[in-house]
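One structure is given below, encoded as structure tokens.
Just so it is clear, the model here is predicted, and its values are computed rather than measured. Numbering starts at 1 and runs along the sequence shown.
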Amino acid sequence: MKFIANTKDLEKYIGKKIQKYFSIKGISIDSRSLKKGYIFVAIKGKNFNGNDYVEEALKKGAVIAIVDDKKFTSSKNNRIIYVKNSILALGKITKNIIKEYNGKVVAITGSNGKTSTTSIISQTIKGSSSTIKNYNNEIGMPLSVINASPKSNSLILEIGASKFNDINYLSKILSPNIGIITNIGNSHLEALKNTNGVFRAKSEIIQNIKSNGYLIVPSENKQHIDYWKNVRSDIKVLTFGMCKAADFFPTKININEKRISFYINSTYLKANIYINTSLIGEHNIKNILASCITHYCLGLNLEKFAMIVNSKNLKII
């Protein structure tokens, strides 16, 4: 079961009248891999135009095609829905889904570690839905939400930025209960210029966190922390890092080529949490710390969290 099970659901979320009833099995932007019963969304890119493949998609069994080429404005085909911008239509559908969703939303951004952190959190929260692969942009993130299960108790979603306002756009759609910034590093410098630009871009998430929600951030840079803590007074900021100044930090660390082990320490915890996992590297200590804080904020059992992290079944990208 998905959020959009039929054309009545799609009609509600997209705000367009659909003349005929169809069951809907999924959604795709690629006519080559399209399956029968899917929605086809025609996306315009730099080197391609999905609107050129609408006829092919319908012949393959697409029940609905969402298009944004003006040549379709006069189309009498009731399986074609014209919108001004297909990407923005995906965003609108997703935002309306989130408005009705009763579970918790966790949005993860950062220069590195967001895919791994997303994976750890989603695998350690039973009944959650997560980002498909690493679909984290204005096209991929909506596809991840639309293809998720409405029965999920939480949505764990990665959001990326290649330029300013990307994180603002995506997090405004999600309105997360918890926002996570995994780290601030040298990523997408062609648009963001330097690490200060990266910091500004990732910090866009803060404005869109729900009131009484949480922001989880790295503790390495005091200026960054001071800024994050002063942007809003109606959300709680919790930090993670390798030193004791962080709200959640590791002690008794043992790292080798096969495993890492350490204790998670925090004044917020009644007892330290022992981690002994096949994940390796200091970066995964930080990813685990951020994931642990997420469980704490959601009021989940931290012993169960540690049990899954320490198990052989945990797999991350």
Side-chain angles (χ1 to χ4, degrees), residues 1-103 105 129-152 155 157-160 166 169-170 172-175:
M1 184 178 180
K2 293 181 170 59
F3 283 103
I4 299 178
N6 52 59
T7 44
K8 288 292 181 185
D9 294 334
L10 178 61
E11 186 178 86
K12 175 176 62 173
Y13 294 132
I14 200 171
K16 293 268 188 178
K17 189 70 178 174
I18 301 174
Q19 298 299 325
K20 196 170 180 180
Y21 179 90
F22 293 102
S23 293
I24 293 172
K25 296 181 179 179
I27 186 167
S28 176
I29 61 169
D30 190 341
S31 61
R32 296 168 299 180
S33 58
L34 183 82
K35 296 179 182 178
K36 189 175 181 179
Y38 271 47
I39 301 167
F40 174 66
V41 184
I43 301 293
K44 291 177 184 173
K46 290 181 180 179
N47 303 311
F48 65 92
N49 185 347
N51 292 278
D52 296 335
Y53 302 96
V54 170
E55 187 176 340
E56 177 189 334
L58 293 174
K59 284 181 179 178
K60 274 188 155 186
V63 292
I64 291 290
I66 298 173
V67 303
D68 60 4
D69 194 307
K70 289 184 178 180
K71 68 184 180 184
F72 291 108
T73 54
S74 58
S75 174
K76 294 180 181 179
N77 189 332
N78 58 19
R79 292 163 64 194
I80 293 176
I81 301 174
Y82 172 76
V83 295
K84 289 184 178 179
N85 185 302
S86 295
I87 294 175
L88 294 181
L90 275 176
K92 179 180 180 179
I93 291 168
T94 306
K95 190 169 186 176
N96 287 332
I97 285 172
I98 294 294
K99 282 179 181 177
E100 290 193 354
Y101 177 62
N102 293 320
V105 179
S129 288
S130 180
T131 295
I132 300 170
K133 299 179 182 178
N134 61 342
Y135 286 10
N136 65 14
N137 63 10
E138 71 275 20
I139 300 169
M141 187 277 287
L143 292 178
S144 290
V145 172
I146 294 168
N147 279 302
S149 169
K151 293 183 178 180
S152 303
L155 299 177
L157 298 157
E158 177 182 336
I159 56 176
D166 282 353
Y169 173 76
L170 294 170
K172 189 175 287 186
I173 290 171
L174 292 176
S175 188

Backbone N/O of [Y] and side chain of [X]: donor-acceptor pair under 3.5 Å:
X      : Y      : answer
Tyr101 : Ser152 : yes
Lys92  : Ile14  : yes
Lys16  : Tyr82  : yes
Asn51  : Val67  : no

Would one find more than 12 heavy atoms of other residues, nucleotides or ligands at under 6.0 Å from atom [atom1] of [X]?
X      : atom1 : result
Lys17  : NZ    : no
Lys172 : NZ    : no
Lys25  : NZ    : no

Kindly give the heavy-atom pair with the smallest separation between [X] and [Y], and that separation in Å.
X      : Y      : answer
Val105 : Leu174 : CG1-O, 4.0 Å
Ser144 : Ser130 : CB-O, 4.3 Å
Tyr53  : Ser31  : CB-OG, 3.6 Å
Thr7   : Ile18  : O-CD1, 3.6 Å
Val54  : Ile80  : CG1-CD1, 4.2 Å
Ile173 : Gly91  : CD1-CA, 3.7 Å

How far does [atom1] of [X] sit from [atom2] of [Y], to the nearest 0.5 angstrom?
X      : Y      : atom1 : atom2 : value
Ile93  : Lys12  : CD1   : NZ    : 12.5 Å
Asp69  : Asp52  : CG    : CG    : 7.5 Å
Ser28  : Leu143 : OG    : CG    : 8.0 Å
Leu90  : Ile66  : CG    : CD1   : 6.5 Å
Glu55  : Asn77  : CD    : CG    : 10.0 Å
Lys151 : Lys2   : NZ    : NZ    : 12.5 Å

Applying salt bridge (Lys or Arg N to Asp or Glu O under 4.0 Å) to Glu56 and not counting sequence neighbours gives none

Could you check if a side-chain atom of [X] sits within less than 4.5 angstrom of a side-chain atom of [Y], using non-hydrogen atoms only?
X      : Y      : result
Leu88  : Tyr169 : yes
Asp9   : Phe3   : no
Ile97  : Tyr13  : yes
Asn137 : Asp166 : no
Leu155 : Ile98  : yes
Leu10  : Ile81  : yes
Arg79  : Phe22  : yes
Tyr21  : Lys8   : yes

ask   = Do Asn134 and Asn136 get their side chains close enough for a donor-acceptor pair, meaning under 3.5 Å?
value = no

*Any chance you could lay out the side-chain contact (heavy atoms from CB on, under 4.5 Å) test for Ile87 and Val41, step after step, and finish with the verdict?*
CA-CA 9 Å; Ile87 294 175; Val41 184; over 6 Å; no

Trace of the side-chain contact (heavy atoms from CB on, under 4.5 Å) decision for Val63 with Leu58:
CA-CA 7 Å; Val63 292; Leu58 293 174; over 6 Å; no

Solution key, residues 32-39 side-chain donor-acceptor pairs under 3.5 Å, sequence neighbours excluded:
residue : atom : partner : partner atom : Å
Arg32   : NE   : Asp30   : OD1          : 3.0
Arg32   : NE   : Asp30   : OD2          : 3.4
Arg32   : NH2  : Asp30   : OD2          : 3.0

Taken in chain and number order and not counting sequence neighbours, the residues that satisfy side-chain hydrogen bond (donor to acceptor under 3.5 Å, both in side chains) with Ser86 are Asp68

